[in-house]
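Residue numbering restarts at 1 for every chain, and letters A, B, ... go by the order of the sequence lines.
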Protein chains: 2
Amino acid sequence: MNRKPLLEYINKYINLTIEEEDILFSKIRYRDYLKDQYIVQQGDVCNSVCFILSGCTKMFYMDKEGQEHIVIFSIEDWWTSDLGSFISQTPADYNVQCLENTQLIQFTNNTLEELYSEIPKLERLFRKIVERAFVASQKRIIRNFSLTAKERYLIFKETYPKIEQRVPQYMIASYLGITKEFLSKIKSQLIQNQ
Amino acid sequence: MNRKPLLEYINKYINLTIEEEDILFSKIRYRDYLKDQYIVQQGDVCNSVCFILSGCTKMFYMDKEGQEHIVIFSIEDWWTSDLGSFISQTPADYNVQCLENTQLIQFTNNTLEELYSEIPKLERLFRKIVERAFVASQKRIIRNFSLTAKERYLIFKETYPKIEQRVPQYMIASYLGITKEFLSKIKSQLIQNQ
DNA sequence: AAATGATGTTAAACTAGATTAACATTTATT
DNA sequence: AATAAATGTTAATCTAGTTTAACATCATTT
């Protein structure tokens, strides 16, 4: 299997020797999921974090009214998991479902613990990855408070132009925290005012 | 100075030898801030993360209209910083200001890099800290989407009972993403309906 | 004790976004 | 090609939360 995407990604943060690369790839597992399959299900304990090689997933929370709230989309060269469930080994709050056929690399709990002890540098890698994710998450909280839905939509389009094209509009509405009807209204307003 | 609070905190995640503890405390710096002083200012590059020994801070974003949006409160045994600015060494998006006289331990960029190389275990510590912070941050995004302001207020009171007592109500409103007037309304509704 | 500033409350008018419902368009299935 | 299922749009009505403004309370300074 092709090692390139993961190695290129990792090399942005740390440098591995050839031997370390071999250790890494001896422990991880490739997996293929079909469109609509679940990688994580709300209520199950999530036992892996996954690096996406191709495809697209959504992570969402289903509330008591049965409404879906999308936390994040993930595509190639990014990660997906319910990290909260993974790190504390408690039932997942979220679902992760494939929006396209998706190929990924799984790091299970055991895999990761072994890797951390054999290649301590990976501790740094994952610290840096989570740092960035945390910063993005905090930015999103503030945006949700201080910007209107229209402004948030424009930022979303700018930030994730690829995702805009690949997923249905009603899911983008869910990610933005608005209804699909209101997103429709925003889009028609944007078309008129230019 | 008293090493106990930081060591007790660290011991929840990793174990340090006596020698490692000494290295740690030889590199960090204690600081005292007065009420209302700024630890980080929007626009400056943030060059430390701080562990709070006593006191209370707010981290907030000031929008173009001059409105303050509180991202998080921090009290004893927790951290404060603009992590985004700190890790990428770019101008801070947020302010961190003391709400009480505040005593803290500063980890500067250099301090941390030295510590990581002398005590690699600390890499793991900070990975775990950021993991938890990230999970809490994602939970908050979902709560803001799927719960009403009243529900969010009740959860806030439950989760941070100490903070509720210590900071003015209008700042709690800001943290919840609502106006102080609406928080007042919520509180009077809660008093009537019981 | 009076005065000033910071914080908190109440109520009326307003608005961003939700809800409901009907219809339009695109995609998948037979 | 026809039908069904999924996705997207429009418009009317409704509501959670905002805005404005006046007033109340509490703390600090003189």
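B:Thr17 is linked by a side chain to side chain contact (heavy atoms under 4.5 Å, CB included) to B:Glu19, B:Glu20, counting only residues two or more places apart in sequence or in another chain. Listed by chain and residue number, nothing satisfies the side-chain hydrogen bond (donor to acceptor under 3.5 Å, both in side chains) test with A:Gln37 (two or more places apart in sequence, or in another chain). Taking the salt bridge (Lys or Arg N to Asp or Glu O under 4.0 Å) definition, one finds that A:Asp22 meets it with A:Arg3, sequence neighbours left out. Applying the salt bridge (Lys or Arg N to Asp or Glu O under 4.0 Å) test to B:Glu118 and every residue at least two apart in sequence or in another chain returns B:Lys27.
At C:dA18, one or more side-chain N or O atoms of A:Thr179 fall inside 4.0 Å of OP1 or OP2 (strictly under the cut-off). Here A:Lys185 does not reach the OP1 or OP2 of D:dT9: none of its side-chain N or O atoms lies under 4.0 Å away.
Of all nucleotides listed (D:dT10, C:dA16, D:dA21), C:dA16 comes nearest to the side chain of A:Phe182.
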Report all side-chain donor-acceptor pairs from residues 93-105 of chain A shorter than 3.5 Å, counting only partners two or more places apart or in another chain.
unit_1	atom_1	unit_2	atom_2	d
A:Asn95	OD1	A:Gln42	N	2.9
A:Asn95	ND2	A:Gln42	OE1	2.5
A:Gln97	NE2	A:Asp36	O	2.9
A:Glu100	OE1	A:Arg166	NH2	3.0
A:Glu100	OE2	A:Arg166	NE	2.8
A:Asn101	OD1	A:Lys35	N	2.8
A:Thr102	OG1	A:Cys56	N	3.3
A:Thr102	OG1	A:Cys56	O	3.4
A:Thr102	OG1	A:Glu100	O	2.8

Residues 173-186 of chain B, side-chain donor-acceptor partners within the protein, below 3.5 Å, at least two apart:
unit_1	atom_1	unit_2	atom_2	d
B:Ser174	OG	B:Glu68	O	3.1
B:Ser174	OG	B:Ile70	N	2.9
B:Thr179	OG1	B:Phe182	N	3.2

Could you go through residues 4-16 of chain A and list every donor-acceptor pair under 3.5 Å that involves a side-chain atom there, pairing it with any protein atom two or more places apart or in another chain?
unit_1	atom_1	unit_2	atom_2	d
A:Tyr9	OH	A:Trp79	NE1	3.0
A:Asn11	ND2	A:Leu7	O	3.1

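Within residues 62-75 of chain B, no residue has a heavy atom under 4.0 Å from DNA chain D. Shown for residues 137-176 of chain B: residues whose heavy atoms fall under 4.0 angstrom of DNA chain D, namely B:Thr148, B:Ala149.
With rounding to whole Å, B:Lys35 atom NZ is found 11 Å from C:dT7 atom C1'. Between the CD1 atom of A:Ile178 and the P atom of D:dA16 there is a distance of 19 Å, given to the nearest Å. B:Leu183 has its CG atom 12 Å from the C1' atom of C:dT7, to the nearest Å.
Taking the side chain as every heavy atom from C-beta outward, A:Phe156 and A:Ile163 approach each other to under 4.5 Å. For the pair B:Val167 and B:Phe73, the minimum side-chain heavy-atom distance is below 4.5 Å. Counting heavy atoms from C-beta outward, B:Ser137 and B:Arg140 have side chains that stay 4.5 Å or more apart. Between B:Phe86 and B:Val45, the closest side-chain pair of non-hydrogen atoms is not below 4.5 Å. Counting heavy atoms from C-beta outward, B:Thr108 and B:Asn47 have side chains that stay 4.5 Å or more apart. Here the side chains of A:Glu151 and A:Thr148 are in contact, with some heavy-atom distance below 4.5 Å.
One hydrophobic cluster holds both B:Val130 and B:Leu125 under the rule that ILVMFWY side chains link at heavy-atom gaps under 4.5 Å.
Between B:Phe126 and B:Phe107, the two ring planes are perpendicular [angle over 60°; tilted spans 30° to 60°].
Between B:Ile186 and B:Lys180, the residue anchored closer to the 5' end of DNA chain D is B:Ile186, taking for each the nucleotide with the nearest heavy atom.
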Could you run through nucleotides 23-30 of chain D and give me one letter per nucleotide, 5' to 3': B if any protein heavy atom sits under 4.0 Å from the base, S if only the sugar-phosphate is that close, - if neither? --------

Using the 3.5 Å cut-off, write out each protein N or O paired with an N or O of nucleotides 23-30 of chain C and the distance between them.
none

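Remark: B:Glu131 engages B:Arg127 in a salt bridge, criterion side-chain N to carboxylate O under 4.0 Å.
Taking the C1' atoms of five terminal pairs at each end of the helix from C:dA1-D:dT30 to C:dT30-D:dA1, the two resulting helix axes are inclined by 40°, rounded to 10°.
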